[in-house]
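Here is the structure we will look at.
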Amino acid sequence: MDRKVRVRFAPSPTGALHIGGVRTALYNFLFARKYGGDMLLRIEDTDSSRFVPGAEAYIVEALSWLGIEIDEGIGAKTSGKHAPYRQSERKAIYKQYVQQLLDAGLAYIAFDTPADLEAKRTEIPNFQYDAKTRTIMTNSLTLDSDEVETRIKQGEQYVVRIKIEPNQEIKVQDLIRGEVVVNASVIDDKVLFKSSDELPTYHLANVVDDYLMEISHVIRGEEWLPSAPLHVLLYQYLGWTSAMPQFAHLPLLLKPDGNGKLSKRDGDRLGFPVFPLNWKDPKTGETSSGYREAGYFPEAVINFLALLGWNAGTEQEIFSMTELIENFSLDRVSKSGAKFDYEKGKWFNHKYLQSKSIDEITDIFQHILVEKDIIEDTEKVQKIVKLVRERANFVTELWQQASFFFVAPTTYDAKTVQKRWKEETPQQMQALISVLENVPDLKSETTENIVKTWISENEYNLGAIMNAFRLCLVGEPKGPHIFDITELLGKEETIQRIQKAIITI
RNA sequence: GGUCCAUUCGUCUAUCGGUUAGGACGCCAGGUUUUCAUCCUGGAAAGAGGGGUUCGACUCCCCUAUGGACUACCA
């Protein structure tokens, strides 16, 4: 690698950033960091009709939440030397290269309207605008130059198309897939520029910007592989072959069930987020859930995503961002698409939840409590977090695991009542109250000893007593060690709950 | 339809010609436990099919099948 590594993530601001796009951004970032290069963020907004307000800000916020840092371009701390980084703001730049191509006879002007093209497509099966068909279309190759000029002067809309020389092999060197060879005859004379909004299309803008921004490696999704030969050709036509970046086309993220590319719909359908952050579409008002709001740690999302299509070649599963950077390499990226395994995503988050400090989890949980109008002593919340965190996958699940610490049960799980609440239970519980009243403090260990002694002295069934006791305190057959619960609840509350259960059940 | 890419347990994957084909998620069983969960132990589970090449193929080549992407004045 003889030149400075510079990669870019170049999304189009058409909505929320898809999780597949996040992974592309991540791989770019890891690659840049690994080789001490630059990570750029460029906004590809050459389709004015698909622009969605707020999408750009969403992308920047999402990447920032995930810890994918931008060195240059949109969202970077300092504006880079290749500004602007929004393609809509680079109109003048592209025009110059369009003209260069036109002058060299490597591109031409076409007046065919969308309706004309549509007609041709229905008329001719497998119609493709190329060397064979451009002779029957309305363009600067079939019209004489005066007429072309007149039409333009009269304000007729046109597009500029690349003039592809057929019957030649175009080779694309892909870092992940090796050499891909395509015959130029099968690619069409793609639109490079449209007069209607004075903007280039993706293909041209992308090549021009990558060249101007000195991009060394283009790391993008596999959906771009079919158009990579066109891009290679564009580098040739523009005379930039020696500066052409290296390509790496990433495998796609697939639906967990069936097949096909993972889409926004799958999230709704299967019940998991496909976006990093919550998103409300300003046009449709439709909302989509995000990983952040679902309770995921950014580290977990990163770890999960990193392993979907890449592995270190070791048996390590948990990687910090630093470890990912150290270990990342493009030649360990797999070639085939990866089905999105949401269950494994949950497991990653569980792992991270367990490895975080109690302080950090407590802090997050305190916020959840405040939202529920519960103000509780930090020390006590810490103790609760310690007791319940191992049974949660998400901080958001902490509440359902620990709510009974804050709110006494009002209902009792019917199944458990049937199983654990027998005829003799109320009087046993009543007796238990007397026992507890005589325990000086409700320290877990001492209470346990005293209660267990009482149980054996009376020859009660340990399970019967304990499960009924739990039912009184929690209302459900769940939760941590029972005497840890009573210690935190305190004597008064514990006894009250038993009394309430005796009356209610 | 055409072009391109891909194909190892249900899923993510390791293997870069010689392995009892390894790990992880999930699943099942057992253990720990007063409950649920965690945790621990164990288990079931894979080279799409067919041809080659080779002393020897999951691994290299070809064909078939299957899946996917692309095929817009979208990116």
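Lettering of chains follows the sequences in order, A, B, ..., and the numbering in each one begins at 1.
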Can you tell me, in whole Å, how much space there is between the [atom1] of [N] and that of [M]?
N	M	atom1	result
B/rA45	B/rU11	P	16 Å
B/rG49	B/rG2	C1'	25 Å
B/rA69	B/rU32	P	50 Å
B/rA29	B/rU64	P	46 Å

**Report entry** Phosphate OP1/OP2 of B/rU13 contacted by A/Ser334 side-chain N/O (<4.0 Å)
**Finding:**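 True: A/Ser334 side-chain N/O within range (under 4.0 Å) of B/rU13 OP1/OP2.
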Query raised in the report: Any side-chain N or O of A/Asn126 under 4.0 Å from OP1/OP2 of B/rG1?
Result: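 No, A/Asn126 has no side-chain N/O under 4.0 Å of OP1/OP2 on B/rG1.
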When the distance from [atom1] of [X] to [atom2] of [N] is rounded to whole Å, what number comes out?
X	N	atom1	atom2	answer
A/Phe272	B/rG26	CZ	P	16 Å
A/Trp421	B/rU34	CH2	C1'	15 Å
A/Asp484	B/rU33	CG	C1'	13 Å
A/Leu270	B/rU11	CG	C1'	13 Å
A/Glu179	B/rC4	CD	P	13 Å
A/Leu262	B/rU11	CG	P	16 Å
A/Lys339	B/rG26	NZ	P	18 Å
A/Tyr108	B/rC73	OH	C1'	13 Å

Kindly give the atom pairs (protein nitrogen or oxygen, nucleotide nitrogen or oxygen) under 3.5 Å for nucleotides 38-47 of chain B.
none

**Report entry** cation_pi(A/Arg161, A/Tyr129) dist<6.0 Å, angle<=45
**Finding:**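 Yes, a cation-pi geometry holds between A/Arg161 and A/Tyr129.
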Report task. Using the ring of A/Phe328 (Phe, Tyr or Trp, six-membered ring only), decide whether A/Arg332 places NZ or CZ under 6.0 Å from its centre and within 45 degrees of its axis. Result ->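 Verdict for A/Phe328: no cation-pi partner in A/Arg332.
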In terms of side-chain heavy atoms of [X], which of [options] is nearest?
X	options	answer
A/Pro114	B/rA75, B/rC73, B/rU3	B/rC73
A/Arg50	B/rU15, B/rA75, B/rC12	B/rA75
A/Lys452	B/rU15, B/rA6, B/rU34	B/rU34
A/Val182	B/rC4, B/rA75, B/rC36	B/rC4

What does [X] touch in the nucleic acid at a heavy-atom separation under 4.0 angstrom: a base, only the sugar-phosphate, or nothing?
X	value
A/Gly309	sugar-phosphate
A/Thr14	nothing
A/Ile482	base
A/Pro256	nothing
A/Asp112	base

Write down the partner of [N] under the Watson-Crick or G-U wobble criteria, each distance required to be under 3.5 Å.
N	answer
B/rU35	none
B/rU20	none
B/rA6	B/rU66
B/rA57	none
B/rA29	B/rU41
B/rA14	none

Hey, are [X] and [Y] close enough for a salt bridge, meaning a charged N less than 4.0 Å from a carboxylate O?
X	Y	answer
A/Asp47	A/Arg50	yes
A/Glu317	A/Lys351	no
A/Glu299	A/Lys356	yes

Query raised in the report: Counting only distance, no hydrogens or angles, is the base of B/rC5 paired donor-acceptor with the side chain of A/Arg177 under 3.5 Å?
Result: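 Checked by distance alone, the answer is no.
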Locate the shortest heavy-atom distance separating [X] from [Y]; write the atom from each residue and the value.
X	Y	answer
A/Phe319	A/Glu323	CA-OE1, 3.4 Å
A/Leu250	A/Arg23	CB-NH2, 3.9 Å
A/Phe348	A/Asn303	CE2-ND2, 3.3 Å

Query raised in the report: What parts of residues 459-471 of chain A reach RNA chain B, counting only heavy atoms under 4.0 Å away?
Result: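 A/Met466, A/Asn467, A/Arg470, in order of number.
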**Report entry** Sub-4.5 Å side-chain heavy-atom contact between A/Leu253 and A/Ile19
**Finding:**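 Side-chain contact under 4.5 Å: yes.
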Report task. Output the distance between atom CG (A/Asp174) and atom CG (A/Leu225), rounded to the nearest 0.5 Å. Result ->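 If we round to the nearest 0.5 Å, A/Asp174:CG and A/Leu225:CG are 6.0 Å apart.
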Requested in this report: Calculate, to the nearest 0.5 Å, the distance between atoms CG and OH belonging to A/Leu192 and A/Tyr97 respectively.
Outcome: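 Answer for the CG-OH pair, A/Leu192 versus A/Tyr97, is 14.0 Å.
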So which protein nitrogen or oxygen atoms get under 3.5 Å of nucleotides 67-72 of chain B's nitrogens or oxygens?
from: B/rA69; atom 1: OP1; to: A/Lys261; atom 2: N; distance (Å): 3.2
from: B/rC70; atom 1: OP1; to: A/Lys261; atom 2: NZ; distance (Å): 3.4

Query raised in the report: How would you list, by chain and number, every residue that makes a ring pair (Phe, Tyr, Trp, His ring centres under 6.0 Å) with A/Phe340, sequence neighbours excluded?
Result: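 If we apply the ring pair (Phe, Tyr, Trp, His ring centres under 6.0 Å) test to A/Phe340, skipping adjacent residues, the hits are A/Phe272, A/Phe304.
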**Report entry** A/Arg8: partners by salt bridge (charged side-chain N to carboxylate O under 4.0 Å, His left out), with sequence neighbours left out
**Finding:**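 A/Asp210.
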With the criterion being N/O to N/O and under 3.5 Å, what pairs connect the protein with nucleotides 19-23 of chain B, and how long is each?
from: B/rG22; atom 1: O2'; to: A/Glu315; atom 2: OE2; distance (Å): 2.8
from: B/rG23; atom 1: O4'; to: A/Glu315; atom 2: OE2; distance (Å): 3.1

Report task. Give the intermediate values and the outcome of salt bridge (charged side-chain N to carboxylate O under 4.0 Å, His left out) for residues A/Asp266 and A/Lys264. Result -> CA-CA 5 Å; A/Asp266 297 315; A/Lys264 179 183 167 186; over 6 Å; no
Query raised in the report: Hey, would you say the A/Tyr27 and A/Trp310 ring centroids sit under 6.0 Å apart?
Result: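 Here the rings of A/Trp310 and A/Tyr27 have centres that are no less than 6.0 Å from each other.
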Query - Residue among A/Tyr291, A/Trp347, A/Phe275 satisfying ring-ring contact (aromatic ring centres under 6.0 Å, His included) with A/Tyr296 - result: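 Of the listed options, the one satisfying the test is A/Tyr291.
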Query raised in the report: Ignoring hydrogens and geometry, is there a side-chain-to-backbone donor-acceptor pair from A/Asp413 to A/Pro477 under 3.5 Å?
Result: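 Flag not set: sc A/Asp413 to bb A/Pro477 has no pair under 3.5 Å.
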